[in-house]
Amino acid sequence: MKKLINSPADLVTESIAGLGAAFSDLIKVHFDPNFIIRADAPVRDKTAIISGGGSGHEPMHGGFVGRGMLDAACPGAVFSSPTPDQMLEATKAVDGGKGVLYIVKNYTGDILNFEMAADLARSEGIEVEAVMIDDDVAVKDSLYTAGRRGVGTTVLAEKICGAATEAGTSLSDVAELCRKVNASGRSMGMALTSCTVPHAGKPTFELPEDEMEIGVGIHGEPGRERTKLKTADEITKILLDPVLEDLPFKSGDQTLLFVNGMGGTPLLELFVVYRKAHRILTEKGIGVARSLVGPYMTSLEMAGTSITVLKLDDQLTRFWDAPVLTPAFRWGI
Amino acid sequence: MKKLINSPADLVTESIAGLGAAFSDLIKVHFDPNFIIRADAPVRDKTAIISGGGSGHEPMHGGFVGRGMLDAACPGAVFSSPTPDQMLEATKAVDGGKGVLYIVKNYTGDILNFEMAADLARSEGIEVEAVMIDDDVAVKDSLYTAGRRGVGTTVLAEKICGAATEAGTSLSDVAELCRKVNASGRSMGMALTSCTVPHAGKPTFELPEDEMEIGVGIHGEPGRERTKLKTADEITKILLDPVLEDLPFKSGDQTLLFVNGMGGTPLLELFVVYRKAHRILTEKGIGVARSLVGPYMTSLEMAGTSITVLKLDDQLTRFWDAPVLTPAFRWGI
Amino acid sequence: MLTASQILRWIEQYAKLISEQKDYLTQLDADIGDADHGANLDRGFQAVLTKKDELAGKDIGTIFKTVAMTLISKVGGASGPLYGTFFLQASVAAAHKDKLSEADFYEILEKGLAGITSRGKAKVGDKTMVDAFQPAVAAFKRNLDEGADFEKSLSDAIDAAERGMLSTIPLIARKGRASYLGERSAGHQDPGATSSVLLLKAARTAFS
Amino acid sequence: MLTASQILRWIEQYAKLISEQKDYLTQLDADIGDADHGANLDRGFQAVLTKKDELAGKDIGTIFKTVAMTLISKVGGASGPLYGTFFLQASVAAAHKDKLSEADFYEILEKGLAGITSRGKAKVGDKTMVDAFQPAVAAFKRNLDEGADFEKSLSDAIDAAERGMLSTIPLIARKGRASYLGERSAGHQDPGATSSVLLLKAARTAFS
Ligand SMILES: Nc1ncnc2c1ncn2[C@@H]1O[C@H](COP(=O)(O)OP(=O)(O)O)[C@@H](O)[C@H]1O
Ligand SMILES: Nc1ncnc2c1ncn2[C@@H]1O[C@H](COP(=O)(O)OP(=O)(O)O)[C@@H](O)[C@H]1O
Ligand SMILES: [Mg+2]
Ligand SMILES: [Mg+2]
Ligand SMILES: [Mg+2]
Ligand SMILES: [Mg+2]
């Protein structure tokens, strides 16, 4: 295992310490329990938003804390959900009197831990709502399973909902908005190589030199199928077709196209994927009104990409465009 | 070789096509010869800035084109300098009547090609100055060799000089400013793994599982020495010590600390390096007034990092902070 | 009767087993999950061990409560809240007790399991820790009703847990991270069911 | 006398050799550079080949000029401007000529080399293509002065170039990308010197 770390046990704490030192104007980092809050928290009379999840997906979520996006992020150990005590302390630190929205990716661990945190926060008199993101079309949507994973739409929901709370949206309304974003976004990912969890010390899976994993999860969970390596254009189509069919997206729709890097894939390649995705959408009469390209929801050093398409309306577009000032997203301010 | 590409020959063209489609509000992409210019080029009565180099270092330089930074970027084949005809056409497309500054990283190929382009542009009546960036302390500085490579300081010089031209700085003054930035910045990098040039199809070098390359170049050029793998804190010190000694940086100096990712190293790890670098500087009484952390000057999927320290004064700080609106840097607008 | 120090030994013994088996558990999790189950539990139980001294002399309810809170705040993932809830419900059942009869021990298992199923909503056959726990608790109950001694009850419970654990191999997961795999989850043993068997095995070592 | 169509054959033959040897050249460049020398030259000469038809019937100066401009706009890197300048200077020396005498051919090599050294500032011993070119040009001149026939002159030039190429192995690079390596550049053959030898070998095949 080749990593720039001191030890697996200290990795997350040292990394968020670095994040805090680099962006001390925007965020504050709290240790033991670990959480990251915007520098001016709590913001009086603003609904707060907290997200969190395992580490290893940076810049998500710590890089999304700041004006116009998250009020707090709770980083767990690498690929492990954070714990209720972190969430509870973060909740107390950011509640500005208007309640707190938890944006939770649909993984059993995240759901259970946020659930416990919500119980604890409510018992301390803080109003809490939780909205689950489950946009990964690689997973069959079934009532009898844990359902779909939360992936790329999470990033977009955090930006859009963050902007809404800056504009004075109430807790119940921002929760409603978050459910709308989740209902409007679909994603699918693939991997060329595995990631290596520091504690495990070796790759989570082995992919032969001529194979790829389609529908992979952001924790290196195996995907839909393993197939022979294909060209970027073919792969883009393999990812995009089920995404478009699922909602379904239709001619005339306006969308945000998000081509995400899994960590180890260079930007040079991501733009090749973006180019093809943009063409496919355009050929179907689906408009690409906004774009996001880059490694925003990563899986350590995994090589691969995921594509998220979000159906836009005026409200979502306005909140997407609204000013934001976080380590990873910065515009209009 | 596992890459999200269609073919090595089409890679660069398809990638900049994707870049252009994703950021059509900010930039325009020209093909054959390939160059990227800001959407509103030429800007009348503004000194223009062009940079360029081999592809594979994204977001550098194409991601730096836009208001407050570069007027144009010329991407070569992967790791190969672009050619004079690209530079000449880009020069004609962005000259706003106040001349054009070429920011050139010190590689023989880049120097020779930009030199030919400058000759051609001057013969067409366009005023051109070229400034060379050579900040890599891993290479011995000698009159009898090609000298030091241009690395991380390039990114900072392009931001700072771009802001200066927005403020009306003349060609000779912005060239002078660029030389000052170059004289104030020092860098050194390391690699944990090699990159794979698409045309070559296999890794440029082989690093055993327990070794690393100290002083590596951004094209996978071998570095100063190959040593046993060390902890992130030790590696940070190995990179930072020669950087600090070279200028030298002194107690009381104010600096911009730039921890760059080589492409394959996750942000999670880069912040561990940043944390230690910040500590070392602080302990020496050197102030970290500004920070930049992320993969801005990459080497395809190479895992590793480079550290750049730039000595700041009021002028450099002001231009660093000035508004910028490009695919990769965006603030204040 | 089980004493508080025997309960403490149970916890210590489980911590030891987890630490020994963590790579194995993580490998099972790598196959159908995210390669952290061993690391998760080990992080939690190592944190529990640091509280060993302060727990000496405490009643059993307090011991379980401390284990529960430590797991909840240190483990994360799915297994943190699930094992945490197991011990939290166990602590309610054992509140203020310094000794546990065989019936008390059954109540602990039964309440603990109820905590897991009410939190995780998994049923037998979903390919989770419940596939090991539920038959184990049932086997213990059967022995208890038949008046068997503690050793035999525990032994039968362990056998049932192991059979349950092995029964997860052909199953298609319907809960937890492995469920994302659909049919590809078949052919692999569930890591949580495996760590549950170890919990009971640790009891046998500690109590005998 | 060399005709324009022999010169064209020289260029085609060089394109063929480069395409055959591109992996080898790239491998040499991977060792002390950035693994693109073969790909660079191949990209350039494949582009030259697409202009083959329009060059048929043109004078030698025009042929060299077209090769030069194509290399300059397609190769990039250090070798693009250097080989480009070689052919640009050669085109000046061969302007409007349809035939080249042995002395004319010498002038082409000599002017081409002067172009390389004036652009790249490298001297013999710097571990570049100049280490192959310079002794080759000198050997050709010696033969010319002694009245040797073309075949022998070229053959001696090739031998000298090969010796020059091999002489780069122990050298520490002082120019180009390999110079960043300092002492670690010793022990490797320079890729540009290697491609220069191929240029002369292509001439022998084309002219005989
Ligand atoms: N809903 C559930 N009910 C009961 N057990 C579950 C449930 N979901 C997951 N598990 C158990 O948790 C184990 C995985 O734990 P762990 O790897 O620590 O958490 P995570 O899946 O969050 O990484 C699974 O093997 C399974 O036994
Ligand atoms: N200053 C120079 N003068 C002469 N030849 C040079 C000089 N610099 C580099 N070269 C030659 O160029 C070759 C490398 O070419 P190439 O790999 O195509 O370009 P780059 O180094 O830009 O990747 C070297 O092997 C060397 O022979
Ligand atoms: Mg996990
Ligand atoms: Mg090159
Ligand atoms: Mg797991
Ligand atoms: Mg090269």
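Heavy atoms only: backbone and side chains are in, while hydrogens, waters and symmetry mates are out. Sequence lines set the chain letters: A, B, ... in the order given, protein chains first and strands last, and positions in each chain run from 1. From a predicted model like this one, the values you see are computed outputs, not experimental measurements.
- For C/Thr26, the part lying near chain A is the side chain, with the backbone staying farther off; criterion is any non-hydrogen pair under 4.5 Å.
- Contact check for C/Ile72 versus A/Asp85: no side-chain heavy atoms found under the 4.5 Å cut-off.
- When heavy atoms are compared at a cutoff of 4.5 Å, C/Ala39 approaches chain A solely by way of its side chain, counted from C-beta outward.
- If you measure heavy-atom distances from A/Asp32 to chain C, the contacts under 4.5 Å come from the side chain alone.
- Taking every heavy atom of both residues into account, A/Glu221 and C/Arg177 meet most closely at OE2-NH1, 3.0 Å.
- The minimum heavy-atom distance linking A/Thr83 with C/Gly76 is given by the pair CG2-N, 3.4 Å.
- Taken from CZ in A/Arg224 to CD in C/Glu183, the straight-line distance is 12.5 Å, to the nearest 0.5 Å.
- Within the 4.5 Å cutoff, side-chain heavy atoms of A/Leu112 are placed close to those of C/Arg119.
- Of all heavy-atom pairs spanning C/Ala30 and A/Thr204, the tightest one is CB-O, 3.8 Å.
- The two residues C/Tyr180 and A/Thr108 make their nearest non-hydrogen contact at OH-N, 4.3 Å.
- In terms of modelled atom types and a separation under 3.5 Å, the side chain of A/Asn113 and the main chain of C/Gly77 share a donor-acceptor contact.
- For the atom pair C/Ser179 OG and A/Arg149 CZ, the distance stands at 9.0 Å (nearest 0.5 Å).
- Separating the CG atom in C/Asp34 from the CD1 atom in A/Ile218 is a distance of 10.0 Å, to the nearest 0.5 Å.
- More than 12 non-hydrogen atoms from other residues, nucleotides or ligands lie less than 6.0 angstrom from NZ of A/Lys92.
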Report task. Report the C-alpha separation of A/Glu115 and C/Lys121 in whole Å, then their side-chain angles, then the decisive distance to 0.1 Å, and conclude whether the salt bridge (Lys or Arg N to Asp or Glu O under 4.0 Å) test is met. Result -> CA-CA 13 Å; A/Glu115 215 171 80; C/Lys121 313 270 181 310; 5.4 Å; no
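- Nearest heavy-atom pair, C/Ala35 versus A/Ala200, reported as atom, atom and distance to 0.1 Å: O-CB, 4.3 Å.
- Neither the backbone nor the side chain of C/Asp23 comes within contact range of chain A; no heavy atom of the residue lies under 4.5 Å from a heavy atom of that chain.
- For C/Lys97, the NZ atom sits in a packed shell: over 12 heavy atoms of surrounding residues, nucleotides or ligands are nearer than 6.0 Å.
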Report task. With side chain to side chain contact (heavy atoms under 4.5 Å, CB included) as the test, would you mind laying out the steps for A/His219 and C/Asp36 before giving the verdict? Result -> CA-CA 10 Å; A/His219 309 90; C/Asp36 64 359; over 6 Å; no
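- Neither the backbone nor the side chain of C/Ser185 comes within contact range of chain A; no heavy atoms are under 4.5 Å apart.
- Contact of A/Pro84 with chain C is made through backbone and side chain together, with heavy-atom distances under 4.5 Å.
- A/Tyr107 touches chain C through backbone and side chain together, each having a heavy atom under 4.5 Å away.
- Counting heavy atoms from C-beta on, the side chains of A/Ser80 and C/Arg43 come closer than 4.5 Å.
- Of the atoms belonging to C/Lys74, heavy atoms from both backbone and side chain fall under 4.5 Å from chain A.
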